[in-house]
Amino acid sequence: MNKFSPFFRALFRSQMGPLAALVFIVIAFAVADYAIGSGNFLTLRNARVITSSTALIAVPAMGMTMIIIAGGIDLSAGTALTLAGTVLASMLKSAPVTSDQPGFASYVAWALAVTVGTGCLCGWINGALISATRVVPFIVTLGTMTIFLGVGQIIAKESTVYAPPEHLPGWLQNLCYTGPNIEKYGVLPYVPTSALIALVLVGAVALLLKYTVLGRNIFAIGSSQATARLCGVNVPLTVLAVYTLAGFFVAVGGLLYFADVKNGNPSDGTGKELEIIAAVVLGGGSLSGGRGSVLGTLIGGLIIVVIRTGCTLLQIPNTYTHIIIGIIIIVAVIVDQLRHGSPEWLFRMLAKA
Amino acid sequence: MTTAPLLQVVGVSKRFGPTIALRDVDLEVHPGEVLALIGENGAGKSTLLKILSGAHPPDSGQLFLDGQPYAPKGPHDARLRGVAMIYQELNLAPDLTVEDNLMLGQPGTGGGTLVRRRQRGRVREVLQAVGLGDLDPGAVAGEQSIATQQLIEIARALISESRLILFDEPTSSLPQKDVRRLFGIIRQLQNRGMGIVYISHFLEEVREVAQRFAVLRDGEKVGQGELADVSDAEIITMMAGRDVEELYPVVPHRPGEPRVQVVGLTAEPQPQGVELELRRGEIFGVAGLVGAGRTELLRCIFGLQSVVQGEILVDGRAVGRGVRAAMRAGMGFLSEDRKGEGLAQDLSIIENITLSNLGPYVRFGVIRLQRRNAAAEQWMRRVNVKARNGFQRVSELSGGNQQKVAFARILHQRAEILLLDEPTKGIDVGTKAEIYRMMGQLAAEGKTVVFVSSYLPELLAVCDRIAVMARGRIREVRPADQWTEDEVMQCAILQ
């Protein structure tokens, strides 16, 4: 233990819980799958499915991680995500040219910019309202949650927007591809592109939180707003930046979701925010702020997806999956609290054993 | 004392992790006496009271109440056994009515309502006993003044027929006239034959209210006896384990030319029209009662509170509005609310020290963490923070060490004008001396130190000049050696 620097020890300690839970869950499903299932759990195919599905949660959860560390919450992340997806779907649907004609690439670029802009605008609205009115984030985003849903439904004309395949660029169609055809993997063979995007973004946010002034200010605000103010941190501006940045991740999440289901349905987003928040909390994020990590959130997302896919493979009905995930979340938070009440408890237990 | 002791503490010890809070402490409290428990912060007084009131179990040792073994399972159990604690921070349910608060947790309540009709008379009786006969039992508790809430807590102790009442620094947030009233009530409780344990920092107060004393130092009882038999200096020597002269180390310094000008500074509701001139190399004290506007004055100067009128000039240049402008002008602020505002309790020592000045470590938008950490650790050593390492969370440190971290932050920030709001509040005597020495050194380096304090002896000992504030205004400024304690008090109180 002494060969670890204090930093690595702290990192190890903070991520050990989620990591142990993930390993335990994977082993449990592998054993159950071997005993009573079809033996498809520990396959590369399933690993691809899991990483791609995790990307769908992890990307918007990056923004949520920053928000939660800053002591906030974003209930509108789900509907903002499908709003961005719906904007993309309807823009591609009404594309003036098809994918084999000239000018398509620039139109797609424009559509992507509008999609990302939509997400950032949603986040900016949240941040501006929270900074300007000082209403708690829970209430502000509860309001914008339904507003974004309504706006999405107006854009979708109260139905689902289907973009015809000839209006979709190939890379977008294959963004979340996890099947056997090697040619459909855009960047690395047999690695879903969505998972690569998620990894890059996770790395970027990890660096941002650790090595930039904005990152340190986010932790400071979440730990104590009064202290941050006293130290000359521009609290309203930082809050605005955090929510706007989170909007960017929500938009990328919307893009991935659209690439996965190939349509835009605004009401799909209802409930997604809870899954995103759950990933952050499973990863050790504290809803009272000041605590959380992108690595933890990534592991949290993996835990949720592994349970979901594992249950599907074992043909456990969806209803039970919900119950299992719920129990895991509560247990995880209890364990986390115990650990933080007395951070050395595990080391002590190990020493005794 | 011929009576049998009401409470006996025999060989009680308590550890919290590596720190020994109490070591083999013996104590006796007799019916009808007030025992003053004296000691520096962190000496173990509050821990001892928490053990008596059932909040913590002792690691070893025994307690006897009326000669019977007494091992409370929790604060509620202790209350049912007749031991009540009046905490420093008030413990009422602020949204409930006075009578609901009194009856909360009483045996025989529960079900539909807390207060039965036949209990109303009893409620009136105990309120009367603490001098709150005029208070409407249906009033909301949180809307009462702090002094009244404290009396309600005492009434709650009476209603549960407590025989032993424990007070943990009850006067720390009370105005003078309420302190008088509280002492009157304590005397009445004493006459009823109750035993009282009283913690306070203020020796004058202790002498007024208590008969016997016990001194704790580093978790051990180092002395006890009749208050009438000892001098203040003797008690302080017992508390600190050193002589009084060492308490106020003097670092020679000489005030230079004026640096800060405060012109007609006015805010709602205070300060009102404050004019000040602060010099280089000067320790400028601000005295006054709690609520006189001293904290507000500092917060206005530092840009934390919005100013209605007036301005602040540093070296002749007007300082803009807001904290960031004040910091650019070279100001640093130490908050009196160390837990809530002064420090981010969840963050590490390093984070706290460097938060206000990360600029020097940033290159191409990236913080060079190793440089930052090394610099922060250097400041930790300079101000002598006792901690495992710089990554330790601030919440795990003692009050004195936390204050040193807060100090290290404004030093790291390279502040030239240090605004210190009650920098020695809740800090042990040894650390206080270190802080006075630091202030003297800063002044010797030519920095301007503004020192707000409610404790007159330290202001008189440490400052070059002292201003007295009352009702948001500066009453008078004089060199420190031209003030006496009485004069300062008169100036602060009289119209």
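Chain letters run A, B, ... following the sequence lines, proteins first and then strands; every chain starts at 1. Values reported hereafter were calculated over all heavy atoms of this structure, with side chains retained and with hydrogens, waters and symmetry mates removed.
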- Compare all side-chain heavy atoms of B:Arg409 with those of A:Thr227 and state whether any distance is below 4.5 angstrom. yes
- Find out whether B:Ile367 and A:Thr212 are in side-chain contact, i.e. whether some heavy atom of one side chain is under 4.5 Å from a heavy atom of the other. no
What distance do [X] atom [atom1] and [Y] atom [atom2] have between them, rounded to the nearest 0.5 Å?
X	Y	atom1	atom2	answer
A:Cys231	B:Asn352	SG	CG	7.0 Å
B:Leu347	A:Arg291	CG	CZ	11.5 Å
B:Leu355	A:Asn217	CG	CG	6.0 Å
A:Asn234	B:Arg324	CG	CZ	5.5 Å
B:Asp346	A:Ser224	CG	OG	9.0 Å
A:Arg216	B:Tyr361	CZ	OH	14.0 Å

- Nearest heavy-atom pair of A:Ala226 and B:Gly340: which atoms, and what distance? CB-O, 3.8 Å
- Item | Nearest atoms (heavy-atom pairs only) where B:Gly342 meets A:Leu230 | O-CD2, 4.2 Å
[X] versus chain A, the contacting section by heavy-atom distance below 4.5 Å:
X	value
B:Val366	both
B:Gln345	backbone
B:Leu358	side chain
B:Arg368	neither
B:Phe302	side chain
B:Arg372	side chain

- Sort out for me which of B:Val323, B:Leu369, B:Ile410 touches chain A most, counting heavy-atom pairs under 4.5 Å. B:Leu369
